[in-house]
> 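Sharing a structure with you now.
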Amino acid sequence: MVRLGVNVPNFGPGTGPDVLRRWALTVEGLGFDLLMMSDHVAVTPDVAEQYPAPFYEPFTTLSWLAGLTGRVGLGTTVLIVPYRHPLLIARMAANLNDLSGGRLVLGVGVGWARQEFGALGVPFGERGRLTDEYLLAIRAAWRDGADYRGGPVPLWIGGNSDAALRRAVRLGDAWHPLRFTPGWIAEAAGRLEAGRLNAGRLEAGGVEAGGGPALAPRIALRLTDAPLTDGARLAGHGTIDQIAADLDQLRALGAQTVVLDPFNGDHLETARPETAWRALAAVAERWKQQESTPIDTERS
């Protein structure tokens, strides 16, 4: 069974405590399995272009939403690892996981906003190395269960690059690629399988050997009345039939969780969440029917 999650906008002019509360209750009420949100610390111009202020910090916001919900999982998609000391990340994640009853997934990434790195005094060119070092330190901290109660937390390694895939194989519980075409993910899933089989698993400080990371992608969500025929169509864009076919493909490729991202770039969308909620309700209803349908491997 594939779990479905939702990336909830925790930014933008329409976002505030009441909207975030309604988002959480809607996601849980529709039966989704996971509620996730993104991460930025300084809303520099490069960040604001895509994720305008106000920006609600994910650990703080998820902790509050944990108290308003009872079943839905909670997570980050993705936490930018170099922005915080690894022991702070380890403690906040373990505490939130403990206080929420084991509901946290920690999706992580290296970051992309050069101006934000500068504002925080973190060297942009070192972000990959820092991420690897910090993830090792986080996993090491979680081994102290007496102190870091609630750890370890599932680590999803975000990003579409070859470096992100290699990092997922070495250090992650899942690979978390973001917003792609159906053709791209079909090829990328093959590279993930090859990585599982061929790349050496890190023995000291990494995840335990065997199995390799799961596939847990995040796809766009935009529901249309007419089919989209553009070859560059993103997975999750199109009619309900097209979106259902995308989910079917991901299920056939072995995805264990798929996160739906209903924000499509218009900042004013954050003031009109009802449009996203209608699309999510349609997908939730269709997925209930689809779960009981055998996987058609020929379509993938």
Side-chain angles (χ1 to χ4, degrees), residues 5-12 15-17 19-20 23-24 27 34-66 73-97 100 103-124 126-128 130-132 134-135 137-138 153-161 164 167-168 171-179 216-218 257 259-263 265 267 270:
V6 178
N7 183 26
V8 170
N10 54 324
F11 56 84
T15 298
V19 171
L20 288 166
W23 260 109
V27 169
L34 187 60
L35 181 161
M36 308 190 85
M37 52 186 52
S38 55
D39 176 40
H40 283 286
V41 175
V43 184
T44 47
D46 49 357
V47 174
E49 186 176 344
Q50 297 188 44
Y51 306 104
F55 203 103
Y56 285 80
E57 194 277 329
F59 280 118
T60 307
T61 308
L62 289 170
S63 296
W64 177 58
L65 294 180
L74 308 163
T76 53
T77 177
V78 290
L79 190 84
I80 304 170
V81 174
Y83 287 175
R84 300 169 179 83
H85 193 286
L87 295 183
L88 178 62
I89 296 174
R91 187 166 301 284
M92 289 194 296
N95 288 167
L96 177 50
N97 197 45
S100 67
R103 289 192 275 156
L104 184 65
V105 171
L106 190 64
V108 298
V110 301
W112 56 269
R114 187 182 291 269
Q115 292 172 347
E116 187 177 21
F117 273 84
L120 297 172
V122 180
F124 183 79
E126 297 294 314
R127 65 195 189 282
L130 290 171
T131 296
D132 288 348
Y134 286 13
L135 291 177
I138 290 165
V153 177
L155 272 178
W156 291 6
I157 308 298
N160 295 14
S161 67
R167 184 173 293 114
L171 298 170
D173 298 300
W175 182 36
H176 186 48
L178 316 171
R179 300 179 73 95
R218 187 181 93 200
T257 305
V259 178
L260 306 173
D261 184 357
F263 179 70
H267 301 171
T270 59

> Minimum heavy-atom separation for A119 and T44, please, with both atom names.
CB-CG2, 3.9 Å
> Do M36 and V105 touch side chain to side chain, with heavy atoms closer than 4.5 Å?
yes
> May I ask you to decide if P58's main-chain N or O and T61's side chain share a donor-acceptor pair within less than 3.5 Å?
no
> What orientation do H267 and F263 show, parallel under 30°, tilted 30 to 60°, or perpendicular over 60°?
parallel
> Run the numbers on L62 and M37 for side-chain contact (heavy atoms from CB on, under 4.5 Å), then give the verdict.
CA-CA 8 Å; L62 289 170; M37 52 186 52; 4.0 Å; yes
> Quick one: does N97's side chain have a donor or acceptor within less than 3.5 Å of a partner on R103's backbone?
yes
> Determine the sole option in E116, Q50, E57 for which the side chain to side chain donor-acceptor pair (under 3.5 Å) test with H40 is passed.
E116
> Would you please test R218 and V78 for side-chain contact (heavy atoms from CB on, under 4.5 Å) and show each step?
CA-CA 10 Å; R218 187 181 93 200; V78 290; 5.6 Å; no
> Do N10 and T15 meet the criterion of a side-chain donor-acceptor pair at a distance under 3.5 Å?
no
> Quick one, L171 and D132 - any side-chain contact, counting heavy atoms below 4.5 Å?
yes
> Quick check against the 3.5 Å criterion: does H176 have a side-chain atom that pairs as donor or acceptor with the backbone of I157?
no
> If you take all heavy atoms of P17 and W64, which pair is closest and at what distance?
O-CH2, 3.2 Å
> For a 4.5 angstrom cut-off between non-hydrogen side-chain atoms, does L34 reach T257?
yes
> Quick check: closest heavy atoms across A93 and V153, and the distance to 0.1 Å?
O-CG2, 3.8 Å
> Could you tell me the separation between the CH2 atom of W156 and the CG atom of D173, rounded to the nearest 0.5 Å?
10.5 Å
> Donor-acceptor pair, Q115 side chain versus D46 backbone, under 3.5 Å?
yes
> Could you check F59 against L96 for side-chain contact (heavy atoms from CB on, under 4.5 Å), going step by step and ending with a plain yes or no?
CA-CA 8 Å; F59 280 118; L96 177 50; 4.1 Å; yes
> If you compare all heavy atoms of F55 against all heavy atoms of S38, which two are closest, and at what distance to 0.1 Å?
CZ-OG, 3.6 Å
> Output the distance between atom CD1 (I89) and atom CG (L106), rounded to the nearest 0.5 Å.
7.0 Å
> Are P82 and F124 close enough that some pair of their side-chain heavy atoms sits under 4.5 Å apart?
no
> Measuring from atom CZ of R127 to atom CD1 of I80, what distance do you get when rounded to the nearest 0.5 angstrom?
10.5 Å
> If we check side-chain contact (heavy atoms from CB on, under 4.5 Å) with L35, which of these qualifies: V6, V259, L65?
L65
> Taking G159's backbone N and O only, do any of them form a donor-acceptor pair with W175's side chain (distance below 3.5 Å, no angle check)?
yes
> Where does the angle between the aromatic ring planes of H85 and Y134 fall among parallel (under 30°), tilted (30 to 60°) and perpendicular (over 60°)?
parallel
> For the pair L155 and V108, evaluate side-chain contact (heavy atoms from CB on, under 4.5 Å) and give the outcome as yes or no after the intermediate values.
CA-CA 7 Å; L155 272 178; V108 298; 4.0 Å; yes
> Search all heavy atoms of F11 against all heavy atoms of P52 and return the closest pair with its distance.
CB-O, 3.6 Å
> Looking at N7 and L260, would you say the former's side chain and the latter's main chain have a donor-acceptor pair under 3.5 Å?
no
> Taking the side chain as everything from C-beta on, heavy atoms only, tell me whether P9 gets closer than 4.5 Å to Y51.
no
> Enter the distance from F117:CZ to L130:CG here, rounded to the nearest 0.5 Å.
8.0 Å
> Which of these, L79, L120, V122, sits in a side-chain contact (heavy atoms from CB on, under 4.5 Å) with R84?
L79
> Roughly how far apart are R91 CZ and I138 CD1, rounded to 0.5 Å?
12.5 Å
